[in-house]
Asks: 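Got a structure here, written out as structure tokens. Questions coming.
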Amino acid sequence: MTASLFVIGTDAPRSGAGHHVVFPGMAHAVARPVVDGLDASVCGVLVTAAAGADWSDDRDAPRCAECSRIAG
């Protein structure tokens, strides 16, 4: 398997008014390099990213349509 340019991120917890609503458990693509923790996805959503979770590995999780378009 070859490594992709993206890792998986899942929606970061949000609190307070003014934050847009995202679907819980949705996978987003985060551009590499990444450090485990909070990061912005390629679609602009704040996510919790895991450096070891390659975008091409987990195809079962529901995926953000914009991230899928950008990351493939």
Side-chain angles (χ1 to χ4, degrees):
M1 182 184 101
T2 60
S4 73
L5 299 174
F6 302 95
V7 300
I8 291 273
T10 54
D11 302 326
R14 287 179 168 68
S15 61
H19 294 289
H20 74 280
V21 177
V22 293
F23 298 103
M26 181 166 290
H28 294 271
V30 179
R32 288 193 168 156
V34 68
V35 176
D36 288 349
L38 295 179
D39 205 341
S41 67
V42 295
C43 72
V45 173
L46 183 65
V47 296
T48 303
D54 193 82
W55 175 255
S56 62
D57 288 348
D58 184 6
R59 293 287 180 183
D60 294 332
R63 291 178 176 244
C64 166
E66 183 64 8
C67 286
S68 293
R69 183 186 71 76
I70 295 168

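Just so you know, these numbers come straight off a predicted model, no measurement behind them.
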Asks: Restricting to non-hydrogen atoms, name the atom on C43 and the atom on C67 that form the minimum distance, rounded to 0.1 Å.
Replies: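 Heavy-atom minimum between the residues: SG-SG, 3.7 Å.
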Asks: Is there a side-chain contact between S68 and W55 in this structure, where contact means two heavy atoms from C-beta onward sitting under 4.5 Å apart?
Replies: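 Contact flag for S68/W55 side chains = yes.
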Asks: Would R32 and D54 count as a side chain to side chain contact (heavy atoms under 4.5 Å, CB included) here? Give the steps.
Replies: CA-CA 10 Å; R32 288 193 168 156; D54 193 82; 3.3 Å; yes
Asks: Any idea which heavy atoms bring V30 and S41 closest together, and the distance?
Replies: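 Nearest heavy atoms, V30 then S41: CG2-CA, 4.2 Å.
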Asks: How about R69 and V42: do any of their side-chain heavy atoms sit closer than 4.5 Å?
Replies: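 A side-chain contact under 4.5 Å is absent here.
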Asks: Rounded at 0.5 Å granularity, tell me how far NE2 in H28 sits from OG1 in T10.
Replies: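 If I round to the nearest 0.5 Å, the distance is 8.5 Å.
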Asks: Distance from C64 atom SG to I70 atom CD1, nearest 0.5 Å?
Replies: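 With rounding to 0.5 Å, SG (C64) is 7.5 Å from CD1 (I70).
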Asks: Provide the closest heavy-atom pair for A12 versus L38 in the form atom of the first, atom of the second, distance.
Replies: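 Of all heavy-atom pairs spanning A12 and L38, the closest is CB-CD2, 3.7 Å.
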Asks: Locate the shortest heavy-atom distance separating D36 from A51; write the atom from each residue and the value.
Replies: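 Here D36 and A51 meet closest at OD1-N, 2.6 Å.
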Asks: Please tell me if the side chains of R63 and I8 come closer than 4.5 Å, counting only heavy atoms from C-beta onward.
Replies: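 The answer is yes; the side chains approach within 4.5 Å.
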